Each structure stands twice: as C-alpha cells, then as structure tokens.
Amino acid sequence: MKRLAAIFILFLSLSAFAKDHLWQEGKLLSVANQNDMGIGTAIGTSALLFQTGHAVFVVQVSDIVYTVRGEKTNHRTNDYSKGLIVGDQLKAAIEGNKLILLLPDGKNLDTSILTRERAKQ
C-alpha cells in the first residue's frame, strides 16, 4: 500500500511539472537551411569546411505569418525539416518569442520567432 501511495505521489508531482501548450492550427509555408554568414569550421587535417546554420521555418497561424529559427544544422543534417512537409497543416503554440511546433513523431520543436507579418489576402 505504501508503494502504491508513493507511485501515486510521484505521478502527481511529475504531472505538475508538465507544461500544457495552447495548440493552434497552422500551415507550414516553407522550410530552408540558412547558413550563418559563411562561417565554416575545419574538420581534421584535410581542412574540410562545412557551413553551420539553422533550419528556418515559415508558418502561418490564423492571419499571421511567422518566420522562425529552429535548431542548429550542419552539412550532415539529413532532415532539418524534422519530418514536416511544406503545405501540410500542423499544430503550433505561441509563447512569448517562441513558436513551438508539434512534430509528426509527437515531439515538440522550440523555435525563436524572427518576424511576424500579416498574411496577404
């Protein structure tokens, strides 16, 4: 009985820390890998240079179009779009200067809002 009570208390404490997001319907308009101003990093002795950058998403939520910066990427990144497909509907949550995207695998992708603009009608 004590073990059951301990598990119940643990479950309640963990659920108290879980943050619920206010999800809204959105649409992915574009995604690109934007290089960071041509800064490269040398790898090994061959001095192979690769560009680092960030995934940049353009997402429309209601009548606002957000340009957001996602995770850092490099030339080895296979899918910087994280499985999202341009033109598809998605779930997004806006929290301050962050736009959180719900990925197809159920995980969240936190992004930083770069610009906001009214959608052209």
Side-chain angles (χ1 to χ4, degrees):
M1 188 65 164
K2 288 181 182 180
R3 185 176 286 161
L4 183 60
I7 291 172
F8 182 72
I9 291 170
L10 178 64
F11 175 74
L12 285 178
S13 64
L14 290 176
S15 64
F17 290 109
K19 185 171 184 180
D20 290 330
H21 300 292
L22 179 59
W23 295 110
Q24 300 179 55
E25 293 293 324
K27 183 176 183 177
L28 181 62
L29 302 179
S30 72
V31 61
N33 185 11
Q34 184 179 53
N35 289 337
D36 286 343
M37 307 302 234
I39 298 170
T41 304
I43 300 176
T45 57
S46 64
L48 172 65
L49 296 179
F50 70 91
Q51 298 294 322
T52 60
H54 288 88
V56 175
F57 300 85
V58 179
V59 178
Q60 182 172 350
V61 178
S62 187
D63 68 335
I64 305 292
V65 176
Y66 297 89
T67 302
V68 298
R69 182 175 63 200
E71 298 176 342
K72 195 163 221 152
T73 61
N74 64 45
H75 79 292
R76 292 187 180 128
T77 302
N78 294 327
D79 184 15
Y80 53 83
S81 67
K82 300 293 185 183
L84 296 171
I85 299 172
V86 173
D88 280 359
Q89 297 294 314
L90 52 72
K91 300 256 188 221
I94 301 154
E95 296 178 1
N97 198 35
K98 299 283 184 197
L99 185 102
I100 302 163
L101 302 175
L102 184 61
L103 299 175
D105 64 5
K107 294 180 182 177
N108 294 345
L109 175 64
D110 291 350
T111 64
S112 299
I113 297 173
L114 300 174
T115 63
R116 297 172 176 89
E117 65 181 84
R118 296 267 176 222
K120 295 178 174 88
Q121 304 263 340

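Predicted model only: the values in this text are computed from it and were never measured. One-based numbering along the sequence shown.
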**Student:** Following the transitive rule for hydrophobic clusters with a side-chain heavy-atom cut-off under 4.5 Å over Ile, Leu, Val, Met, Phe, Trp and Tyr, establish whether L99 and L103 coincide in one cluster.
**Tutor:** yes

**Student:** Sequence neighbours left out, what passes side-chain hydrogen bond (donor to acceptor under 3.5 Å, both in side chains) with S30? Give chain and number order.
**Tutor:** none

**Student:** Taking all atoms of both residues into account, what is the closest heavy-atom pair of K98 and S112, and its distance?
**Tutor:** NZ-OG, 3.3 Å

**Student:** Any link between V59 and V31 through a network of hydrophobic side chains (Ile, Leu, Val, Met, Phe, Trp, Tyr) touching at under 4.5 Å?
**Tutor:** yes

**Student:** Provide the closest heavy-atom pair for A92 versus L101 in the form atom of the first, atom of the second, distance.
**Tutor:** CB-CD2, 4.1 Å

**Student:** Looking at every non-hydrogen atom in both residues, tell me the closest pair between G83 and P104 and how far apart they are.
**Tutor:** O-CG, 3.5 Å

**Student:** Would you confirm whether Q60, through its side chain, and S62, through its main-chain N or O, come within 3.5 Å as a donor-acceptor pair?
**Tutor:** yes

**Student:** Applying side-chain contact (heavy atoms from CB on, under 4.5 Å) to R118 and I64, what does each step give before you reach the verdict?
**Tutor:** CA-CA 5 Å; R118 296 267 176 222; I64 305 292; 3.0 Å; yes

**Student:** Taking atom CD of Q24 and atom CG of L102, what is their separation to the nearest 0.5 Å?
**Tutor:** 13.0 Å

**Student:** Please report the closest heavy-atom contact between G70 and H54, naming both atoms and the distance.
**Tutor:** O-CD2, 3.3 Å

**Student:** Any chance you could measure K91, atom NZ, to N108, atom CG, to the nearest 0.5 Å?
**Tutor:** 13.0 Å

**Student:** Taking all non-hydrogen atoms of both residues, which atom of V61 and which atom of E25 are closest, and how far apart?
**Tutor:** CG1-O, 3.8 Å

**Student:** Does a side-chain heavy-atom distance below 4.5 Å link I85 with L28?
**Tutor:** no

**Student:** To the nearest 0.5 Å, tell me how far F57 CZ sits from I113 CD1.
**Tutor:** 13.5 Å

**Student:** Nearest 0.5 Å, what's the OG1-OH distance between T111 and Y66?
**Tutor:** 10.5 Å

**Student:** Hey, any chance L29 and V86 share a hydrophobic cluster, counting ILVMFWY side chains that come within less than 4.5 Å of each other, even indirectly?
**Tutor:** no

**Student:** State yes or no: do W23 and L109 share one hydrophobic cluster built from I, L, V, M, F, W and Y residues joined by side-chain heavy-atom distances below 4.5 Å, directly or via other members?
**Tutor:** no

**Student:** Where do R116 and N97 come nearest, in terms of heavy atoms and distance?
**Tutor:** NH2-OD1, 4.0 Å

**Student:** CD/E117 to OG1/T67 distance, rounded to the nearest 0.5 angstrom?
**Tutor:** 6.0 Å

